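Comments concern the structure below.
Just the heavy atoms: all of them, side chains too, but no hydrogens, waters or symmetry mates, feed the values below. Bear in mind the structure is a predicted one, so any value in this text is a computation, not a measurement. Quick note on labels: first sequence line is chain A, next is B, and so on, each numbered from 1.
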Amino acid sequence: MDTAIKFIAFDQLNSALDRISEQLDVWVPVASKDQKRVIQFAPYRPGMTLVLDHQTTLGPKQVVLPQVEALFRFDYRKSADEPSRQKVQLEDPHPPAPTLIFGARPCDVKGFLVLDQVFSAGPFVDGIYAARREQTLFATMVCGQQDSACFCSSVGSGPTDRTGSDLWITPIAAGYVVEALSDRAHPVMAWLQEAATELHVAAAGKVQEEAARQQVGNLAVDQCQQHFLQRFADTNYWQEVAGQCLSCGICTFVCPTCYCFSITDEMKDKHGERIRSWDSCMFFTYTLEASGHNPRPSRLERYRNRVGHKFSYFPEKYQGLIACCGCGRCIRNCPVSIDIRKAVQNLQGQNHACS
Amino acid sequence: MNSDLRSELHKKAEQAWPDLELLIGWQAGYDDLHTTPVFIRDSAEISKLIWNPWCTQNLAVYVAKHFAASSGKDDKKIGVCVKGCDSRSLIALLQENLVARERFYIIGMPCKGIVDLRKLHALSGAARILSVQVNAEQVALKSAAGVLHFPLDEVLMRKCRRCRYPNPLIHDVLVGDPLTPRTDAHEAYNDVAAIERLSLQERLAFWQGELDRCLRCYACRNACPLCVCQDRCIAETRDPKWLTQYMHLPEKFMFHFIHALHLAGRCTECGECERVCPMEIPVALIKEALNKITLELLDFEAGLDPQRVPPLLTFDAGETGI
Ligand code: SF4
Ligand code: SF4
Ligand code: SF4
Ligand code: SF4
């Protein structure tokens with residue numbers, strides 16, 4: 001028997017999380033409404049009911065890259081020796097605490113592998129992101145709930161993709177089988193009390209085999225980088241894939257790999273904060289220049305940018321890595337059902353005759 | 001039934017085509033439960049049009065925002081398919097002179113109601129719905145757990161269960177026969193009345209709980225056919241700057257109150273703001289509350305009569321209602 005593998009019976013899940021959350025900040029997927037619909041990651045509190053059998057509406061992106069975060073605080077104070085002058089005092093945000101994201105999915109974790117390229121892999125390191133990322137562990141669950149919007153296998157991931165995870169959870173009939181994937185996982189494993197039996201491990205193996213057989217999505221992404229550039233100026237193409245776009249922020253806000261942000265100084269009287277907040281390239285104001293000119297004046301240029309960023313510019317810059325984890329959230333939540341798979345799939349092919 | 005209406009729609013669209021430069025309708029989306037708007041510019045594409053209880057989007061949203069300023073080539077018109085509720089949005093745009101009647105060819109769809117996907121998901125409990133069949137008054141929902149049956153009424157959108165105007169109030173042609181409304185004005189505001197029965201504290205707690213989830217993605221605003229100043233919205237302007245970028249409740253309340261107040265006496269209750277919200281916040285209730293007041297005080301409902309001037313667009317020194 002492999003003693004490194006642990007087991008959490010369904011009715012022991014909360015007590016296991018109670019123990020872990022004494023040591024770490026733990027984030028878990030919970031429903032915000034009574035139905036299992038609006039599911040978000042939230043800080044664990046004893047007694048919470050986790051929703052582990054549905055994809056979350058919002059992924060755990062906000063745990064490491066919050067929708068709003070202070071980069072620093074500032075205070076204007078009168079200078080003691082020269083009362084007519086004001087001095088600015090700066091204060092750093094609090095250092096992050098060790099955190100465990102429990103019950104993420106492979107696509108959620110893949111999202112962070114994309115964000116890492118931008119924020120922490122260098123050459124320019126975002127200290128705040130990097131510190132939080134460093135402190136964050138992922139307990140990821142093998143996924144058996146793909147729906148008609150998912151396409152993770154098409155973008156180099158899949159329901160059993162362990163890349164980037166620290167602990168691996170497999171749901172079986174009686175509970176969860178938990179394996180350590182990284183050294184960082186060992187303390188958490190030690191807080192789990194029950195070792196998995198051979199039967200548990202065998203059952204988990206079956207679940208994983210079944211999940212590994214699933215080919216989720218059939219989007220072909222090879223050469224999409226070039227195909228995108230060829231399509232760039234084909235207005236009719238973009239009209240066809242996104243003419244109905246409403247220019248809202250849903251697709252970008254629910255996306256695990258969208259990371260554009262805005263920076264503002266929010267102040268009251270003499271003190272305030274410089275904050276970073278999620279922005280959306282689908283907003284008109286995103287590219288609005290001070291002169292009043294807007295290089296992406298309509299929804300078509302904006303949607304084209306979203307596709308181009310993920311499937312062409314990003315892979316060009318970061319060794320072919322596609323900036324999409326195939327989670328399908330943008331498709332599922334789009335009010336007018338715009339399908340990014342269709343936008344990418346048809347990049348290849350005849351340009352439309354210009355009319 | 002649906003396939004008959006679909007061929008009737010195709011036939012009527014074909015007949016109208018010589019006068020049209022563009023036709024806005026619904027087409028099949030990425031699976032059987034989703035439709036997506038289609039802009040038809042070639043008569044060969046008319047066959048893409050569909051009409052069924054999944055045709056959820058209010059296509060009037062494109063009318064003022066995308067096409068109001070366009071002038072027709074050779075006097076050709078823009079065709080648009082509207083359900084009962086969608087037709088009211090068009091009328092409201094006409095009442096406010098935001099669009100010109102003669103630019104549009106309106107295909108009216110008498111409507112039995114649109115299915116609420118969230119209700120289906122809640123009822124099925126499964127992560128994936130495999131198929132749904134709607135026949136007459138029954139819905140059969142298939143998931144990995146098996147087939148479940150529900151009365152159609154139970155899975156309709158909230159707006160449809162309180163619908164008073166299933167028949168388009170303005171149209172150049174109708175597809176199908178007019179239907180009997182489900183409710184009257186008396187029952188239509190039951191959901192608002194239920195909120196009003198809560199104590200002020202309970203009401204505050206209710207809205208705090210709901211709006212706390214708001215992402216400020218502004219989909220509720222952008223999906224609204226009557227929110228026509230979207231790129232100049234107070235929620236995003238920097239100069240003057242009305243709202244901070246914080247995600248605190250006051251920012252969210254402020255956005256929603258301005259959004260709702262700008263729709264007072266204008267909202268036609270198409271329910272799009274509420275449908276599109278990824279966080280399932282019942283934001284239409286705020287506008288319904290204003291509409292209830294407008295109805296009680298001023299005897300006015302937006303989007304019914306193209307000739308009537310909305311109360312907030314006029315000034316009457318002799319007003320006695322308020
Ligand atoms: S693609 Fe869909 S979700 Fe994204 S901005 Fe357009 S309408 Fe909104
Ligand atoms: S682009 Fe869409 S499918 Fe890809 S990661 Fe973002 S939300 Fe998921
Ligand atoms: S509110 Fe009425 S007209 Fe609108 S979709 Fe529902 S039933 Fe149809
Ligand atoms: S659609 Fe929902 S989440 Fe987005 S701004 Fe409106 S209420 Fe907030």
Side-chain angles (χ1 to χ4, degrees), chain A residues 32-38 40 53-55 57-58 66-68 144-150 239-240 243-254 262-264 266-267 273 275-280 282-285 288 294 298-299 329 331-339 341-342 355, chain B residues 24 27-39 41-42 56-57 59 61-62 65-66 118-119 121-123 125-130 144 209-210 212-213 215-224 230-233 236-238 241 244-248 272 275-281:
Chain A
S32 319
K33 291 205 136 187
D34 347 332
Q35 332 98 320
K36 285 187 184 175
R37 284 286 302 170
V38 190
Q40 298 190 71
D53 59 351
H54 279 60
Q55 191 193 52
T57 312
L58 291 182
Q67 183 161 8
V68 172
Q145 282 93 23
Q146 63 270 15
D147 71 6
S148 56
C150 296
Q239 171 64 38
E240 195 169 308
Q244 71 273 48
C245 172
L246 302 172
S247 256
C248 66
I250 292 183
C251 51
T252 53
F253 284 5
V254 299
S262 179
I263 291 187
T264 50
E266 308 291 1
M267 66 185 293
E273 287 180 327
I275 62 170
R276 158 158 76 193
S277 54
W278 293 355
D279 202 344
S280 169
M282 306 310 277
F283 290 159
F284 174 81
T285 47
L288 181 61
N294 195 334
S298 86
R299 63 209 178 278
R329 286 186 174 93
I331 305 167
R332 214 175 283 115
N333 290 290
C334 175
V336 291
S337 294
I338 289 178
D339 187 344
R341 292 168 300 189
K342 190 175 144 204
S355 59
Chain B
I24 313 173
Q27 67 176 332
Y30 67 91
D31 68 12
D32 289 348
L33 310 188
H34 293 85
T35 61
T36 185
V38 60
F39 299 86
R41 290 188 166 84
D42 176 344
T56 188
Q57 294 94 4
L59 305 175
V61 72
Y62 300 113
K65 294 189 197 183
H66 293 189
R118 287 169 181 151
K119 284 192 187 147
H121 279 283
L123 286 169
R128 180 174 196 164
I129 292 173
L130 295 172
E210 293 290 334
D212 186 42
R213 292 197 302 280
L215 298 171
R216 289 174 71 185
C217 71
Y218 306 131
C220 47
R221 176 193 72 189
N222 290 20
C224 174
Q230 62 183 40
D231 291 343
R232 303 279 180 273
C233 178
E236 291 171 284
T237 54
R238 283 289 154 76
K241 183 173 167 183
T244 74
Q245 282 294 103
Y246 284 121
M247 290 297 287
H248 303 144
E272 283 291 79
R275 175 185 73 84
V276 303
C277 177
M279 305 312 281
E280 300 189 16
I281 303 169

Which answer fits [X], side chain, backbone, both or neither, if we ask what part of it has an atom under 4.5 Å from a heavy atom of chain B?
| X | answer |
| --- | --- |
| A:Arg341 | side chain |
| A:Ser277 | side chain |
| A:Ser148 | both |
| A:Thr252 | neither |
| A:Cys150 | neither |
| A:Gln55 | neither |

Handout entry: Residue that, paired with A:Gln244, satisfies side-chain contact (heavy atoms from CB on, under 4.5 Å) out of B:Val38, B:Leu59, B:Thr36
Key = B:Thr36
Exercise for the section: Return yes when atom CG of B:Asp32 has more than 12 non-hydrogen atoms of other residues, nucleotides or ligands closer than 6.0 Å, and no otherwise. Expected result: no
Give, for atom [atom1] of [X] and atom [atom2] of [Y], the distance between the pair rounded to the nearest 0.5 Å.
| X | Y | atom1 | atom2 | result |
| --- | --- | --- | --- | --- |
| A:Ser337 | B:Gln57 | OG | CD | 5.5 Å |
| A:Met282 | B:Cys217 | CE | SG | 12.0 Å |
| B:Asp231 | A:Asn294 | CG | CG | 8.5 Å |
| A:Phe284 | B:Cys233 | CZ | SG | 12.5 Å |
| B:Cys220 | A:Ile250 | SG | CD1 | 8.5 Å |
| B:Lys65 | A:Ser247 | NZ | OG | 9.5 Å |

Taking [options] one by one, which has the highest count of heavy-atom pairs under 4.5 Å against chain B?
| options | value |
| --- | --- |
| A:Val254, A:Ile275, A:Asp339, A:Thr285 | A:Ile275 |
| A:Gln146, A:Glu266, A:Gln239, A:Gln40 | A:Glu266 |
| A:Asn333, A:Leu288, A:Ile331, A:Val336 | A:Val336 |
| A:Arg332, A:Lys342, A:Arg329, A:Arg299 | A:Arg299 |

Can you tell which part of [X] gets under 4.5 Å to a heavy atom of chain A, answering side chain, backbone, both or neither?
| X | value |
| --- | --- |
| B:Arg216 | backbone |
| B:Thr237 | neither |
| B:Phe39 | side chain |

Fill in the blank from the handout: Note: B:Pro278 and A:Thr57 closest approach over all heavy atoms is O-CG2, 3.7 Å
Exercise for the section: Return yes if some donor-acceptor pair links the side-chain N/O of B:Gln245 with the main-chain N/O of A:Val68 below 3.5 Å, else return no. Expected result: no
Handout entry: B:Arg221 side chain vs A:Cys248 backbone, donor-acceptor pair below 3.5 Å
Key = no
Determine whether [X] and [Y] make a side-chain contact, defined as any pair of heavy atoms from C-beta on separated by less than 4.5 Å.
| X | Y | value |
| --- | --- | --- |
| B:Leu215 | A:Leu58 | yes |
| A:Ile338 | B:Tyr30 | no |
| B:His121 | A:His54 | no |
| A:Glu273 | B:Tyr246 | yes |

Fill in the blank from the handout: Most heavy-atom pairs under 4.5 Å with chain A, out of B:Ile24, B:Leu123, B:Asp31, belong to B:Asp31
Fill in the blank from the handout: Ranked by heavy-atom pairs below 4.5 Å to chain A, first place among B:Arg128, B:Met247, B:Arg41 goes to B:Arg128
